[in-house]
Amino acid sequence: MPLRVMRTPRSLDLEITSRCNASCSYCYYLNNPGVTYADLPTEVWLDFFAELERCQVMSVVLCGGEPLLREDFTDLIDGIIAHRMRYSLLTNGSLLTPEVATHLKVSGRCDFVQVSLDGSSAKVHESLRGQGSFEPAIAAIRLLQQTDLPVTVRVTVHP
(Lines give C-alpha, C1' and ligand atoms only; values in the text may rest on other atoms or scores of the structure.)
Protein backbone atom coordinates (compact mmCIF):
# COMPACT_ATOMS: atom_id res chain seq x y z
CA MET A 1 0.00 0.00 0.00
CA PRO A 2 1.52 3.35 -1.00
CA LEU A 3 2.22 5.91 1.70
CA ARG A 4 -0.20 8.82 1.56
CA VAL A 5 1.45 12.19 2.15
CA MET A 6 -0.66 15.18 3.12
CA ARG A 7 -0.37 18.12 0.75
CA THR A 8 -0.39 20.68 3.55
CA PRO A 9 0.44 20.56 7.25
CA ARG A 10 -2.37 20.32 9.80
CA SER A 11 -0.56 22.47 12.35
CA LEU A 12 2.04 25.23 12.15
CA ASP A 13 4.23 27.07 14.63
CA LEU A 14 4.11 30.79 13.80
CA GLU A 15 6.70 33.19 15.11
CA ILE A 16 4.57 36.32 15.20
CA THR A 17 7.34 38.51 16.62
CA SER A 18 11.04 38.32 17.28
CA ARG A 19 10.79 40.98 19.98
CA CYS A 20 11.06 39.85 23.59
CA ASN A 21 10.99 41.55 26.97
CA ALA A 22 13.09 38.85 28.69
CA SER A 23 16.85 38.56 28.75
CA CYS A 24 17.42 34.81 28.78
CA SER A 25 21.11 33.99 29.00
CA TYR A 26 20.75 31.08 26.58
CA CYS A 27 18.56 32.75 23.97
CA TYR A 28 19.73 32.40 20.39
CA TYR A 29 17.89 35.61 19.41
CA LEU A 30 20.02 37.98 21.44
CA ASN A 31 22.34 39.95 19.17
CA ASN A 32 21.85 37.46 16.35
CA PRO A 33 22.70 39.01 12.97
CA GLY A 34 20.62 36.28 11.31
CA VAL A 35 17.38 37.54 12.87
CA THR A 36 15.38 40.39 11.36
CA TYR A 37 13.79 42.22 14.26
CA ALA A 38 10.68 43.47 12.48
CA ASP A 39 7.05 42.38 12.88
CA LEU A 40 4.81 41.69 9.93
CA PRO A 41 1.79 44.02 9.83
CA THR A 42 -1.57 42.78 11.11
CA GLU A 43 -3.06 42.69 7.60
CA VAL A 44 -0.31 40.38 6.36
CA TRP A 45 -1.00 37.93 9.19
CA LEU A 46 -4.76 38.07 8.58
CA ASP A 47 -4.23 37.34 4.87
CA PHE A 48 -1.94 34.47 5.82
CA PHE A 49 -4.58 33.02 8.15
CA ALA A 50 -7.03 33.07 5.23
CA GLU A 51 -4.48 31.15 3.15
CA LEU A 52 -4.01 28.64 5.96
CA GLU A 53 -7.76 28.05 6.04
CA ARG A 54 -7.75 27.40 2.28
CA CYS A 55 -4.95 24.88 2.88
CA GLN A 56 -7.06 23.20 5.59
CA VAL A 57 -4.60 23.95 8.40
CA MET A 58 -6.39 23.12 11.63
CA SER A 59 -4.24 24.75 14.31
CA VAL A 60 -1.41 27.17 14.88
CA VAL A 61 1.02 27.73 17.73
CA LEU A 62 1.79 31.39 18.38
CA CYS A 63 5.32 31.95 19.53
CA GLY A 64 8.15 34.44 19.23
CA GLY A 65 9.98 36.26 20.90
CA GLU A 66 7.17 37.16 23.23
CA PRO A 67 3.84 37.08 21.32
CA LEU A 68 2.05 39.25 23.89
CA LEU A 69 4.29 42.18 22.95
CA ARG A 70 2.19 42.62 19.82
CA GLU A 71 -0.34 45.40 20.28
CA ASP A 72 -2.61 43.56 17.82
CA PHE A 73 -2.43 40.22 19.64
CA THR A 74 -6.18 39.88 20.22
CA ASP A 75 -6.84 40.94 16.61
CA LEU A 76 -4.60 38.08 15.49
CA ILE A 77 -6.52 35.68 17.75
CA ASP A 78 -9.78 36.90 16.24
CA GLY A 79 -8.31 36.35 12.76
CA ILE A 80 -7.34 32.79 13.59
CA ILE A 81 -10.84 32.10 14.90
CA ALA A 82 -12.47 33.74 11.88
CA HIS A 83 -10.56 31.27 9.71
CA ARG A 84 -11.78 28.27 11.69
CA MET A 85 -8.50 27.28 13.30
CA ARG A 86 -7.52 26.40 16.83
CA TYR A 87 -4.44 27.87 18.48
CA SER A 88 -1.95 27.58 21.32
CA LEU A 89 0.26 30.25 22.84
CA LEU A 90 3.88 30.09 24.06
CA THR A 91 4.71 32.94 26.44
CA ASN A 92 6.97 33.93 29.31
CA GLY A 93 3.79 35.06 31.09
CA SER A 94 4.99 38.53 32.02
CA LEU A 95 2.43 40.38 29.89
CA LEU A 96 -0.60 38.17 30.44
CA THR A 97 -3.52 40.23 31.75
CA PRO A 98 -6.96 39.13 32.94
CA GLU A 99 -8.40 40.74 29.78
CA VAL A 100 -6.16 38.70 27.47
CA ALA A 101 -6.81 35.50 29.44
CA THR A 102 -10.56 36.11 29.20
CA HIS A 103 -10.26 36.75 25.45
CA LEU A 104 -8.46 33.42 25.05
CA LYS A 105 -11.06 31.60 27.12
CA VAL A 106 -14.08 33.16 25.41
CA SER A 107 -12.69 32.26 21.99
CA GLY A 108 -13.31 28.59 22.77
CA ARG A 109 -10.45 27.62 20.47
CA CYS A 110 -7.40 27.83 22.72
CA ASP A 111 -5.81 24.39 23.10
CA PHE A 112 -3.30 25.51 25.74
CA VAL A 113 -1.06 28.29 26.94
CA GLN A 114 2.53 27.32 27.68
CA VAL A 115 4.40 29.45 30.20
CA SER A 116 8.20 29.25 30.38
CA LEU A 117 9.51 28.58 33.87
CA ASP A 118 13.16 27.64 34.29
CA GLY A 119 13.28 26.95 38.00
CA SER A 120 11.21 26.32 41.08
CA SER A 121 12.56 29.45 42.75
CA ALA A 122 13.14 33.05 41.76
CA LYS A 123 16.88 32.57 42.29
CA VAL A 124 17.17 29.79 39.71
CA HIS A 125 14.63 31.12 37.21
CA GLU A 126 15.94 34.68 37.26
CA SER A 127 19.57 33.57 36.95
CA LEU A 128 18.58 32.34 33.47
CA ARG A 129 15.74 34.67 32.41
CA GLY A 130 16.51 37.97 34.10
CA GLN A 131 15.70 39.83 37.28
CA GLY A 132 12.01 40.12 38.17
CA SER A 133 10.81 37.42 35.75
CA PHE A 134 9.77 34.68 38.22
CA GLU A 135 6.73 36.21 39.93
CA PRO A 136 5.06 37.30 36.66
CA ALA A 137 5.44 33.76 35.29
CA ILE A 138 3.89 32.27 38.45
CA ALA A 139 1.10 34.88 38.36
CA ALA A 140 0.38 34.00 34.71
CA ILE A 141 0.12 30.30 35.53
CA ARG A 142 -2.31 31.07 38.36
CA LEU A 143 -4.36 33.42 36.17
CA LEU A 144 -4.64 30.79 33.45
CA GLN A 145 -5.76 28.21 36.01
CA GLN A 146 -8.34 30.63 37.45
CA THR A 147 -9.59 31.38 33.93
CA ASP A 148 -9.90 27.63 33.37
CA LEU A 149 -7.55 27.59 30.39
CA PRO A 150 -5.29 24.58 29.82
CA VAL A 151 -1.81 25.62 30.96
CA THR A 152 1.48 23.84 30.54
CA VAL A 153 4.90 24.79 31.84
CA ARG A 154 8.02 24.67 29.72
CA VAL A 155 11.34 24.13 31.42
CA THR A 156 14.63 24.54 29.59
CA VAL A 157 16.99 22.15 31.35
CA HIS A 158 20.43 23.48 32.25
CA PRO A 159 23.34 22.06 34.22
Side-chain angles (χ1 to χ4, degrees), residues 8-24 26-29 35 37-122 125-126 128-157:
T8 61
R10 293 290 179 232
S11 179
L12 293 173
D13 288 8
L14 303 178
E15 188 176 286
I16 61 172
T17 185
S18 56
R19 295 178 294 136
C20 189
N21 59 340
S23 54
C24 304
Y26 54 84
C27 184
Y28 60 90
Y29 269 86
V35 175
Y37 297 93
D39 291 349
L40 291 174
T42 308
E43 298 74 29
V44 172
W45 280 114
L46 297 177
D47 288 344
F48 184 59
F49 297 155
E51 182 178 345
L52 294 181
E53 180 183 23
R54 288 189 299 276
C55 292
Q56 299 178 339
V57 170
M58 298 171 71
S59 66
V60 295
V61 177
L62 303 176
C63 52
E66 173 51 52
L68 294 176
L69 277 170
R70 288 195 63 117
E71 295 78 22
D72 62 353
F73 179 78
T74 56
D75 295 331
L76 296 181
I77 294 296
D78 293 343
I80 290 165
I81 293 163
H83 293 290
R84 302 173 33 194
M85 293 180 286
R86 298 189 66 78
Y87 65 91
S88 303
L89 169 65
L90 311 185
T91 179
N92 63 32
S94 64
L95 301 174
L96 186 69
T97 64
E99 293 77 23
V100 170
T102 298
H103 195 85
L104 300 178
K105 177 65 179 175
V106 169
S107 78
R109 292 192 171 252
C110 182
D111 289 329
F112 65 87
V113 178
Q114 176 181 285
V115 178
S116 300
L117 189 65
D118 286 345
S120 61
S121 69
H125 178 82
E126 292 178 0
L128 297 165
R129 290 195 168 257
Q131 206 59 23
S133 60
F134 182 75
E135 284 304 322
I138 296 297
I141 292 166
R142 288 187 177 128
L143 174 58
L144 292 163
Q145 290 172 327
Q146 291 166 359
T147 310
D148 199 28
L149 280 162
V151 60
T152 63
V153 173
R154 177 186 180 140
V155 177
T156 303
V157 179

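- Residues Asp39 and Leu69 are not in side-chain contact: their nearest non-hydrogen atoms beyond the backbone lie 4.5 Å or more apart.
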Checklist entry - Could you go step by step and tell me if Leu95 and Phe73 meet the side chain to side chain contact (heavy atoms under 4.5 Å, CB included) rule? => result CA-CA 11 Å; Leu95 301 174; Phe73 179 78; over 6 Å; no

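- For the pair Phe112/Leu144, no side-chain contact is recorded, criterion being any heavy-atom separation below 4.5 Å from C-beta on.
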Checklist entry - What's the verdict on side chain to side chain contact (heavy atoms under 4.5 Å, CB included) for Val115 and Leu96, showing C-alpha distance, side-chain angles and the deciding distance? => result CA-CA 10 Å; Val115 178; Leu96 186 69; 6.0 Å; no

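- Between the side chains of Thr91 and Glu66, a donor-acceptor pair is found at a separation under 3.5 Å.
- Remark: side-chain polar atoms of Glu126 are paired, donor with acceptor, to backbone N or O of Gly132 under 3.5 angstrom.
- In terms of heavy-atom proximity, Val57 sits nearest to Pro9 at CG2-O, 3.3 Å.
- We find the CG-CG distance between Leu76 and Leu46 to be 6.0 Å, quoted to the nearest 0.5 Å.
- Arg129 places no side-chain N or O within donor-acceptor distance of the main-chain N or O of Asp118, the cut-off being under 3.5 Å.
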Next on the checklist: Could you walk me through whether His103 and Ile77 satisfy the side chain to side chain contact (heavy atoms under 4.5 Å, CB included) test, starting with their C-alpha distance in whole Å, then the side-chain angles of each, then the deciding distance to 0.1 Å, before giving a yes or no?
Outcome noted: CA-CA 9 Å; His103 195 85; Ile77 294 296; 3.9 Å; yes

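- Remark: side-chain polar atoms of Arg10 are paired, donor with acceptor, to backbone N or O of Gln56 under 3.5 angstrom.
- Sequence neighbours left out, the pairs with a member in residues 136-150 that pass salt bridge (charged side-chain N to carboxylate O under 4.0 Å, His left out) are Lys105-Asp148.
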Next on the checklist: Please determine whether side chain to side chain contact (heavy atoms under 4.5 Å, CB included) holds for the pair Leu117 and Ile138, giving the CA-CA distance in whole Å, both sets of side-chain angles, and the decisive distance to 0.1 Å.
Outcome noted: CA-CA 8 Å; Leu117 189 65; Ile138 296 297; 3.9 Å; yes

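- Contacts classified as side-chain hydrogen bond (donor to acceptor under 3.5 Å, both in side chains) and involving residues 40-51 (residues at least two apart or in different chains) are given here: Thr42-Asp72.
- Side chain to side chain, Ser116 and Asn92 fail the donor-acceptor criterion of an N or O pair below 3.5 Å.
- Donor-acceptor pairing under 3.5 Å is recorded for the side chains of Asn21 and Ser94.
- Among residues at least two apart or in separate chains, side-chain hydrogen bond (donor to acceptor under 3.5 Å, both in side chains) pairs with a member in residues 79-89 are Glu53-His83, Arg86-Asp111, Tyr87-Ser107.
- The shortest side-chain heavy-atom distance between Arg109 and Ile80 does not fall under the 4.5 Å cut-off.
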